[in-house]
Each structure stands twice: as C-alpha cells, then as structure tokens.
K.L.:
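Pasting a structure below so you can have a look.
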Amino acid sequence: MSDLLRGLNPEQLAAVTLPPQHALILAGAGSGKTRVLTTRIAWLIQTGQVGPHGILAVTFTNKAAKEMLTRLSAMLPINTRGMWVGTFHGLCNRLLRAHYRDAGLPQLFQILDSGDQQAAIKRLLKQLNIDDEKFPPRELQHFINAQKEQGIRPGAVEAWDEHTRRRAELYQLYDEQCQREGVVDFAELLLRTYELLSRNEVLRRHYQERFSHILVDEFQDTNPLQYRWLRLLAGYPAATGTAMFAVGDDDQSIYAFRGADVGNMREFEREFKVQNIIRLEQNYRSHGNILDAANAVIKNNSDRLGKNLWTEAGAGEPIRVFEAYSDLDEAQWLVEEIKALVRDGHLSSEIALLYRSNAQSRVLEHALFSAGLPYRVYGGLRFFERQEIKHALAYLRLIANSDDDTAFARVVNFPTRGIGARSLEQLADTARQHKCSLHAAIPLLSGKAGAVLSGFAQLIAQMKEGSSHLPLPEQIDHVIELSTLKEHYRSEKEGQDRIANLDELISAAASFIAEERVAEDGTPETHENVLASFLAHASLEAGEHQAGEGDDALQLMTVHSAKGLEFNMVFLSGLEEGLFPHENSAMELDGLEEERRLMYVAITRARQRLYLSFSQQRMLHGQTRYNTSSRFLEEIPAGLLKWLKPRQNRSFSGGGSYSAPAYQSAAPRREQNAGGVPGLRIGAAVAHAKFGQGVVIGAEGGGNDARVQVNFGAAGIKWLALSVAKLEIL
DNA sequence: TACTATACGGTTTTT
DNA sequence: CCGTATAGTA
C-alpha cells in the first residue's frame, strides 16, 4: 500500500485517503488530478473498503476513461472488470441495454450522433411541411438538446410565446419519431436513464446499493441533467452511505456554451453538505513565470472558488511576446521560431500551436507546409463520421433495426439504384398513414415505386440472412459487398481513401471484438448483440483520426481541444480583441469570464516556454480586420513578458499598407519541397496520367496527408493527394 | 442523375 | 475567403 501512496504531496495524500464521505477536490491545472482519482480508487480497493464492484467512475471523454483504466490496471494486481468506468453516455448506454424493456426501448435500439439527429429533425420538418426558415433545424436541435439537458420533457417546456410553444410541439413530435424508430440521441441516453432510475425504485435501490463510491472527473463540465443523474445514484437526499468524490476546476470550465454549469460545484457542496474540500494547488507542470501569468489572468474573474497555483520549479524563462503586422507575418514568424527550436533539438511533437478558432489554422498550415515542417491538426473529421463509414453503418443499422428511418433514408438510394424523390414521397405518405416505418411501408406500395423499393427491401433481407451466422468482421465485409459501395467509390476521385476506410471498418470491428469481448459483463452475446454494441461503440466513440499518430509533428489545435494536454513549448497565436476574447462572448452572460478561463487553460498547457502573439491586421471571412491586442495580454504583469521585437511606431499611409517587417527582408528562405518530394514546389511543372500537364499552385498538409493543388489548364484545377496521385515532375 | 452556379454563413465540442 | 448546401441545368 505504501507503494501506492508514495510520492503524493500532503494534499494529494489527504484526498486519496479521505474517509468514505462526499468530497470535492479542487484540482488546478497540472496538479495531478488524474493521479489522485485513480490512486483513490486503487487505495479504496486495496484497503478493502470496497470491491471493484462498488466503484462507479464517470468521465466525459472515452480517452479519459481509457486512461483511468490503464492506470488502474497498472496499480492494481486485480483486473478492473466489475468496475464501472466510463463516460456518462457510455454508462447510460450500458444501463439502457441491460434494462431496455423497463426503459421502453427495443432491445437493439440505435444511437443517433449529432449528425444523425440533425438528419432526423430535417426529415421531421419536411414531413410536416414546416418552413425551415422559421424553424432552422440546427436551432431546433439545439433547443431540444437544451431542454433534455435540463431534464425537461415537451409537456414541461415553459412556453410563453407562440414560437416556443411551436418548438415544444416539434420537440414532442421529434421524440415520438425517435420512439417509433427505436433510436435515441445523446441527450436522450442521459434523460432516459435518469427517468428509468427515478421511476423504478427496485432498480434504483439496486444500483444505489451497488455503487458505494461514485467518482466524477471534470466535475465543472457537468450539465444540470448529469448532476441530477449523479445525485440520484448517490441516493440524495437520503444518506445512503454512498460517497461521491468529485474532482474539478472551476477555473477550467470552458463548456458553458454546450450546457455545462459550473454552478454544480457549489450546488454539490451545499446539497451534499460536503465537509471535505481539498485544493490541489501545487503544479508539477509549468515553470513559475507561466503559472504567475496564469494566476494573474484568472484573478480578474469574479465568483471563483479560489485557488492559486504554485510550483517548486524555478521561475524559468520569461514569456515571449510577438507583435506581427499581419496574420501572414505572424505565421512566418512562427515558422522561423519553430525552425530554430527544432534546430536546437526540440521535438516537434512537444511544440503546440494553439488558437481560439479553427479558421486560424489555415494560415498557419500554409506557412508550415511551405516551410516543410510536419504538423498534425487535431479536431478533424473522425473515423466513424466519414460519409462512407456512415453509409456502411446505415446498412448495418437496418439489419439490426429496420425501423431506423434515418439509416433507411441515408442509403435507400445510395449508391443510386433508381429510387427517386417521387417514390420516396409515396413511401413516406404511406408510412405516415399507417404509422409505421419506411421499411415497413414498402409492402404496402404498388406500382413502380413498390417495385423498386421492394428491390431495396430484398437487398436488406439478403444482407441480413446472408450474414447473420457470420462473425462481425465477416458480416460487415459481406454487407459492404452487397451494398456495392466500393464499386461506387471506385469511380470517385477521392474514392481510394474511401475504399481503404471501408476496409479499415472491418479491422475496426475485428479489434472491437478482441477488446470489448473481455470487458463486457453479463449480457448474453448473441450475434445481434455484438452488432448492436459495435454500432453503439461507433456512435459513442467517433474514433480519433489516427493519421500520423506516431510521427514527430507539430501539434495544431484549438485551445478547447488542448484542455488536458501539455507541451514543452506552446505558441498561442491570435491574441487580439474580437478573436480572443471572441467578439461573440460579449453578448453572452459571463461570456468574457469564460473566455478568460479559456486563456487560463491555454497558458497552463506550457511546461517550459510560452509564446504569445498577435497581429495588427488579419484576414477574416475575406475581409481584413484591424485588431488591437487582447486585454488578456494586458492582464499579464509586464515583468513576466519579453517582447521579441521592440514595438515601433509603425505609421501606415492612407492606402493601408504597412512597411514590410524586418525578417522578411532577411536572406531569402529556401522554398521547401511539398511532401518531401524533390522539385515539387509551388510553380513547378508537373504531369498527370489523366489530367495532362499542369502547374503546382498550392500545397497543404504534411507527411502522409500532403496534398498539392495543380492547375491543369483545360482539365481544371485539382487537389491531389501525394500519397495517391502519381505526379511526374517536369 | 450528375454536374455546375449561386447563396449563405462562418466560436469553441464531446457524447 | 472558402466550404457547404441547395437550386438549377444538361
């Protein structure tokens, strides 16, 4: 046991070894939060206070859940089976699968991701002939999710105006549609589970008694429904002997815009009469100057629970600040600085380029690409969200649940099989009249529409019959074959990637059974169940896009996606009023404070060195904007900053042109080659087997993702992936 | 049905 | 500016 606790500081130790009571751990950035959480679980089990069975640990992301399990199995000799560790959504899925009847769901209910949800809403609006100008699907989706996250069903919506009343009606109709189709959206997973447990006393008691310790990660990110969900399982308001151990940092609450409510921390403290509040303020990540800057910035927020980070490490280097003339200059400066770092032996993967909004990455990417610096952009399209994968999954979903109209509509005419809008309209009418799914309405149709559609129904039946006895990967392979998706993509220009992804889906299924098989408990594993859990997995875990995972590349991401990560070197660019803090934040209540927390998160990502930069002018939405530096920059004590270039008074003449920055007049940079191919650079003449001769006019991406834009004259301008296209350099 | 023109909108994001 | 979505055309 001493092994387990060795190396913990007094506060960490106190948190880990708290008696089984409710506790709130205020864990600052870099204070060893995950370590405390996992060590707490290990300690509870090792000291015999609870078996793995009694542990419920909740996270927000699959990554965090996985990380926790990995660390736990390294700490504990026993295996982690029996412990419930997962995301809110993953755990709810598990509960609903186990009690689908009580929850009023079909056994093989499907999960709608946000894209599916939006498609379902659009379909509903269309079917009701509702003007989507007046009720934009996106807005309605947001409305519905916001209600669900407050635990509000359509009947309980507070509607003072006609428009809201109408939206509540649509919410009602949407829920009915989902129920009819046997699908649940993300918010519904939570709400349905909450209602199941609050309605069903036997079940509630069972889980309340089972989980004597509930541990919650990133508590500041919980929404009201999630908080109520936790409260229910903890037996509130009765004292059931369950101990809730919540870990969070109010200063890192940056998801209010999607429903998170930091107020839950105070609520928890009040409602659960939390006696144990422990602050983890010692930071093991950053040097002193960086922490001082972070503390100085966050100090400007009101209504904090209060916390001040400190470190035993020295002050370290000053924070470097750079003022650029334009976004292009800023990018150019970044490139030079990064090259110098790399020359000095710094690992590219230890250098992060952070920005407030995704739009900013474009300029950076372009500069990095031209400089031949490998980089990786986070937050792109994820594996299970790719269209070809969604198409293949839709066929699989129809096998599992033919009433899933979202899946039906997605693939009924993809690849095209002559089922046009007219036939589908007829089908939708019939389905509505008989109050049945699109699939179920097919036999009721006659004429041409009936003929083509029953062809599709036969295809689905064939897929089902032909593969029901096969193991999952073979089953998917079979379905893809019958779908003729690959044939379709063979003729498309980006088709090669798509076909490769479809093959990848089969291996994803193979590794899914290899991994999940072991972890799964209790539920009988019929063929159908395996397929359903794989589909749930695909919805719940969209899959990190694995391109260039292992490569040593610069890390580009938004500040939001950097949360939880750390790097030796951090560049934070675009520190301008209107950008960061974002102009829209001024409209929202507490918007500026959330932006400031975002700034706090950004600063605390850096271990050794932090660069801040801003630009006098920036191209945004096709227009040049002139910005002043961010107020957050002013909030950092001047003594911590080192301005990389003295601020000169640069007059700019009426025409709006600035004098050229100094470094641009330095020795001409050697243009690097695109994707490491000698001679392939902007302006180079190339030849392509199909398009003929052309000239390289653009380039982006790095390593395996490198693409070049080529003007083939008569054949047009094309983007070509270097890993795929065969280009001859002339 | 597939390709092209035009309009529109454009923080942040996980599940 | 630039990608997406919808409408319009061959």
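Note on naming: letters A, B, ... go to the chains in the order of the sequence lines (proteins, then strands), and numbering restarts at 1 for each one. Here the structure is a predicted model, which means the values were calculated and not measured. Side chains included, hydrogens not; waters and symmetry mates left out as well; all remaining heavy atoms used.
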K.L.:
Would you say the side chain of A:Gln110 lies within less than 4.5 Å of the side chain of A:Leu535, judging by non-hydrogen atoms?
P.N.:
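The answer is yes; the side chains approach within 4.5 Å.
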
K.L.:
Please enumerate all residues that pass side-chain hydrogen bond (donor to acceptor under 3.5 Å, both in side chains) together with A:Thr406, with sequence neighbours excluded.
P.N.:
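Partners of A:Thr406 by the side-chain hydrogen bond (donor to acceptor under 3.5 Å, both in side chains) criterion, ordered by chain and then number, come out as A:Arg123.
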
K.L.:
With a sphere of 6.0 Å drawn around CZ of A:Arg138, does it hold more than 12 non-hydrogen atoms of other residues, nucleotides or ligands?
P.N.:
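No.
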
K.L.:
Could you check A:Arg417 against A:Thr61 and say which one's nearest nucleotide on DNA chain B is further toward the 5' end?
P.N.:
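Result of the comparison: A:Arg417.
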
K.L.:
What form does the base of B:dT12 take, syn (within 90° of 0) or anti?
P.N.:
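Glycosidic conformation of B:dT12: anti.
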
K.L.:
Measure from CG on A:Asp116 to P on B:dT15 and round the result to the nearest Å.
P.N.:
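Atom-to-atom, A:Asp116 to B:dT15, this comes out as 15 Å.
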
K.L.:
Any N/O pairs under 3.5 Å between the protein and nucleotides 6-10 of chain C? List them or say none.
P.N.:
none

K.L.:
Output the rounded distance in Å from CG (A:Asp113) to C1' (B:dT15).
P.N.:
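So the CG-C1' distance, A:Asp113 to B:dT15, works out to 9 Å.
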
K.L.:
Rounding to the closest angstrom, what is the interatomic distance between C:dA5 and B:dT12 at atom P?
P.N.:
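These two P atoms come out 16 Å apart once rounded.
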
K.L.:
Over how many whole Å does the gap from A:Leu565 atom CG to B:dT13 atom P extend?
P.N.:
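Computing the A:Leu565:CG to B:dT13:P distance gives 13 Å.
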
K.L.:
Name all residues meeting the side-chain contact (heavy atoms from CB on, under 4.5 Å) criterion together with A:Val559; count only those two or more places apart in sequence or in a different chain, and write none if there are none.
P.N.:
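Partners of A:Val559 by the side-chain contact (heavy atoms from CB on, under 4.5 Å) criterion, ordered by chain and then number, come out as A:Leu354, A:Leu572, A:Phe580, A:Leu598, A:Val601, A:Ala602.
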
K.L.:
Does the ring center of A:His99 lie less than 6.0 Å from the ring center of A:Tyr207?
P.N.:
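Ring centres of A:Tyr207 and A:His99 closer than 6.0 Å.
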
K.L.:
For A:Asn145 and B:dT14, give me the distance from atom CG to atom P, rounded to whole Å.
P.N.:
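From A:Asn145 CG to B:dT14 P: 15 Å.
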
K.L.:
Taking 4.0 angstrom as the limit, do A:Lys390 and A:Asp113 come out as a salt bridge?
P.N.:
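Between A:Asp113 and A:Lys390 there is a salt bridge, with a charged N closer than 4.0 Å to a carboxylate O.
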
K.L.:
Taking atom C1' in both C:dT6 and B:dT11, compute the distance separating them and give it to the nearest angstrom.
P.N.:
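Here C:dT6 and B:dT11 have their C1' atoms 25 Å from each other.
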
K.L.:
I'd like to know if the side chain of A:Arg97 and the backbone of A:Phe109 have a donor-acceptor N/O pair within less than 3.5 Å.
P.N.:
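Present.
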
K.L.:
Which nucleotide sits closest to the side chain of A:Arg258: B:dT13, B:dT1, B:dT15?
P.N.:
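Of all the options, the side chain of A:Arg258 is nearest to B:dT13.
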
K.L.:
Is the A:Phe257 to A:His560 ring centre distance short of 6.0 Å?
P.N.:
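Judged by ring-centre distance (under 6.0 Å), A:Phe257 and A:His560 do meet the cut-off.
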
K.L.:
For residues 214-221 of chain A, which residues have at least one heavy atom under 4.0 Å from DNA chain B?
P.N.:
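Output list: empty, so none.
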
K.L.:
Report each atom pair, protein N/O against N/O of nucleotides 7-12 of chain B, whose distance is under 3.5 angstrom.
P.N.:
{"from": "B:dG10", "atom 1": "N3", "to": "A:His621", "atom 2": "ND1", "distance (Å)": "3.2"}
{"from": "B:dT11", "atom 1": "O4'", "to": "A:His582", "atom 2": "NE2", "distance (Å)": "3.2"}
{"from": "B:dT11", "atom 1": "O4", "to": "A:Glu588", "atom 2": "OE1", "distance (Å)": "3.3"}
{"from": "B:dT11", "atom 1": "O4", "to": "A:Glu588", "atom 2": "OE2", "distance (Å)": "2.6"}
{"from": "B:dT12", "atom 1": "OP1", "to": "A:Asn358", "atom 2": "N", "distance (Å)": "2.8"}
{"from": "B:dT12", "atom 1": "OP1", "to": "A:Asn358", "atom 2": "ND2", "distance (Å)": "3.2"}
{"from": "B:dT12", "atom 1": "O4'", "to": "A:Arg356", "atom 2": "NH2", "distance (Å)": "2.9"}
{"from": "B:dT12", "atom 1": "O2", "to": "A:Arg356", "atom 2": "NH2", "distance (Å)": "2.7"}

K.L.:
Starting at atom CZ of A:Phe60, determine the distance to atom P of B:dT14, rounded to an integer number of angstrom.
P.N.:
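My rounded result for the distance is 13 Å.
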
K.L.:
Would you say A:Asn62 places a side-chain N or O within less than 4.0 Å of OP1 or OP2 belonging to B:dT15?
P.N.:
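Indeed, a polar side-chain atom of A:Asn62 lies that close.
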
K.L.:
Mind calculating the distance between CE (A:Met557) and P (B:dT14) to the nearest angstrom?
P.N.:
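It is 12 Å, rounded to the nearest whole Å.
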
K.L.:
Given atom NZ of A:Lys126 and atom P of C:dA5, what is their separation to the nearest angstrom?
P.N.:
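Between P of C:dA5 and NZ of A:Lys126: 15 Å.
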
K.L.:
Any salt bridge linking A:Glu149 with A:Arg258? Criterion: basic side-chain nitrogen under 4.0 Å from a carboxylate oxygen.
P.N.:
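Not counted as a salt bridge, because no side-chain N and carboxylate O are separated by less than 4.0 Å.
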
K.L.:
Within the pair A:Arg382 and B:dT15, is there a side-chain N or O less than 4.0 Å away from OP1 or OP2?
P.N.:
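True: A:Arg382 side-chain N/O within range (under 4.0 Å) of B:dT15 OP1/OP2.
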
K.L.:
Looking at A:Tyr378, does the NZ or CZ of A:Arg376 lie under 6.0 angstrom from its six-membered ring centre and within 45 degrees of the ring axis?
P.N.:
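Yes, A:Arg376 and A:Tyr378 form such a contact.
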
K.L.:
Decide, yes or no, whether a salt bridge links A:Asp221 with A:Lys563 under the criterion of side-chain N to carboxylate O below 4.0 Å.
P.N.:
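Counted as a salt bridge, because a side-chain N and a carboxylate O are separated by less than 4.0 Å.
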
K.L.:
Sequence neighbours left out, what passes side-chain contact (heavy atoms from CB on, under 4.5 Å) with A:Glu583? Give chain and number order.
P.N.:
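Per chain and number, A:Glu583 pairs via side-chain contact (heavy atoms from CB on, under 4.5 Å) with A:Arg625.
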
K.L.:
Starting from C1' on B:dT15, measure out to CZ on A:Phe384 and report it in whole angstrom.
P.N.:
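Those two atoms, CZ and C1', are 14 Å apart.
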
